[in-house]
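Working notes for the structure below.
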Amino acid sequence: MEEQDKTLYELMDSCYLKFKLNFYCNLFRQDGLGKEGLTVVENFCAEAIYALDGPTINELARFIQVSQPNAAYKVNSLEEKGYIEKIQSKADRRECHLYVTEKFKRHYLVNYEFIERVTQELVDQLPEETLCRMKMALEVMDQGLLNEVYQEMNREYGCRL
């Protein structure tokens, strides 16, 4: 099927798949880091912590659908490797919130580099008016349509997004 014959849905699906493949490729590429590297599950947990922006261990456990002790085990492993840190809650000193460290952000940077390359290609190939319209479409997705994802996560997993 030619690119111009694809529906909007098919194009969104194709782009999403390529972004995921880039992420998975980078995820598995770091196996050579030994004890300092992240397993696939640890990588997923760290990325969830990053996306959830300060969840508690219980919120993380609900989100990744594992028991609280299992989530705590994963969190401890990530903390030992230096990819996340626990910060005591100011509101409830019994709780800790989880945040990724600069080490994780450097590790995660390869995904941003891919996004930067794709964005630069768009800037190089498309006229300004088209880029403005594309930006508007992405803003609608980001501010409106994708907020449903956060609302669902809040309902299902108790995440404070």
Side-chain angles (χ1 to χ4, degrees), residues 1-33 37-68 70-71 74-75 77-78 81 83-85 97-161:
M1 179 183 303
E2 300 255 345
E3 284 295 314
Q4 61 246 40
D5 293 338
K6 288 185 177 182
T7 66
L8 179 60
Y9 175 86
E10 291 167 331
L11 288 168
M12 287 287 288
D13 183 56
S14 178
C15 288
Y16 177 65
L17 180 62
K18 289 170 184 158
F19 275 98
K20 281 193 316 186
L21 288 173
N22 176 71
F23 173 75
Y24 296 146
C25 180
N26 290 319
L27 181 67
F28 290 105
R29 187 177 292 144
Q30 57 110 16
D31 276 346
L33 295 176
L38 296 175
T39 66
V40 172
V41 172
E42 288 171 338
N43 214 322
F44 172 74
C45 288
E47 187 172 8
I49 290 166
Y50 187 46
L52 296 173
D53 193 28
T56 63
I57 292 175
N58 284 333
E59 289 170 337
L60 177 66
R62 282 193 303 271
F63 178 72
I64 63 174
Q65 299 183 18
V66 299
S67 68
Q68 190 276 338
N70 194 342
K74 290 170 181 21
V75 164
S77 178
L78 287 166
K81 292 179 179 183
Y83 288 97
I84 66 162
E85 61 183 341
H97 292 275
L98 309 171
Y99 296 94
V100 297
T101 62
E102 287 303 313
K103 182 177 182 178
F104 175 78
K105 289 177 183 176
R106 284 190 306 274
H107 161 77
Y108 199 69
L109 188 62
V110 294
N111 295 305
Y112 290 113
E113 290 167 351
F114 179 71
I115 293 169
E116 284 178 21
R117 284 196 320 269
V118 169
T119 303
Q120 189 58 52
E121 283 295 319
L122 289 169
V123 168
D124 292 345
Q125 294 182 31
L126 297 175
E128 186 66 31
E129 182 180 326
T130 303
L131 290 171
C132 286
R133 287 190 175 148
M134 184 174 185
K135 184 176 179 270
M136 286 173 45
L138 290 171
E139 285 171 348
V140 167
M141 285 174 57
D142 188 45
Q143 298 301 315
L145 304 174
L146 296 180
N147 275 338
E148 291 178 24
V149 173
Y150 288 133
Q151 291 167 0
E152 179 69 19
M153 287 169 47
N154 188 33
R155 277 192 302 277
E156 291 294 319
Y157 310 112
C159 302
R160 304 166 281 94
L161 298 172

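Keep in mind it's a predicted model, so treat the numbers as computed, not measured. We use all heavy atoms of the structure for the numbers below, so side chains are in, but hydrogens, waters and symmetry mates are not.
- The local environment of NZ in K20 is crowded, with over 12 non-hydrogen atoms from other residues, nucleotides or ligands closer than 6.0 Å.
- Considering every non-hydrogen atom in both L60 and C45, the closest pair reads CD1-O, 4.3 Å.
- One finds the NZ atom of K135 at 14.5 Å from the OG1 atom of T130 (value rounded to the nearest 0.5 Å).
- In this structure, K105 has no side-chain hydrogen bond (donor to acceptor under 3.5 Å, both in side chains) partners at least two apart in sequence or on a different chain.
- Minimum heavy-atom separation, S67 to A61: O-CB, 3.9 Å.
- L78 has its side chain within reach of L38: a pair of non-hydrogen atoms, C-beta onward, lies under 4.5 Å apart.
- Annotation: side chain to side chain contact (heavy atoms under 4.5 Å, CB included) contacts of F19 (sequence neighbours excluded): F114, I115, V118.
- Taking a cutoff of 4.0 Å between a charged side-chain nitrogen and a carboxylate oxygen, R106 and E102 do not qualify as a salt bridge.
- Judged as a salt bridge (charged side-chain N to carboxylate O under 4.0 Å, His left out), and not counting sequence neighbours, E121 has no contacts.
- Closest approach of L122 to M134, counting heavy atoms only: CD1-CE, 3.5 Å.
- Atom CE of M12 and atom CE of M141 lie 3.5 Å apart (nearest 0.5 Å).
- Side-chain N/O atoms of N70 and K74 include a donor and acceptor closer than 3.5 Å.
- Closest approach of L98 and I49 over heavy atoms only: O-CG2, 3.5 Å.
- A pairwise comparison of heavy atoms in L131 and L126 identifies CD1-O, 3.8 Å as the closest pair.
- Between F63 and E59, every side-chain heavy-atom pair lies at or beyond the 4.5 Å cut-off.
- Looking only at side-chain heavy atoms (C-beta outward), V123 and Q120 come within less than 4.5 Å of each other.
- Put simply, CG on L11 and CG on D5 are 10.0 Å apart, with the number rounded to the nearest 0.5 Å.
- Taking the six-membered ring where the residue is Trp, Y50 and Y108 present perpendicular rings, their angle passing 60° and hence far from 30°.
- Nearest heavy-atom pair across G54 and Y99 is CA-CE2, 3.4 Å.
- Residues in residues 122-131 take part in these salt bridge (Lys or Arg N to Asp or Glu O under 4.0 Å) pairs, two or more places apart or across chains: E129-R133.
- Contact check for E42 versus Y83: no side-chain heavy atoms found under the 4.5 Å cut-off.
- Considering only residues two or more places apart in sequence or on other chains, D13 meets the side-chain hydrogen bond (donor to acceptor under 3.5 Å, both in side chains) condition with none of them.
- Every residue was checked against the salt bridge (charged side-chain N to carboxylate O under 4.0 Å, His left out) condition with E47, not counting sequence neighbours, and none meets it.
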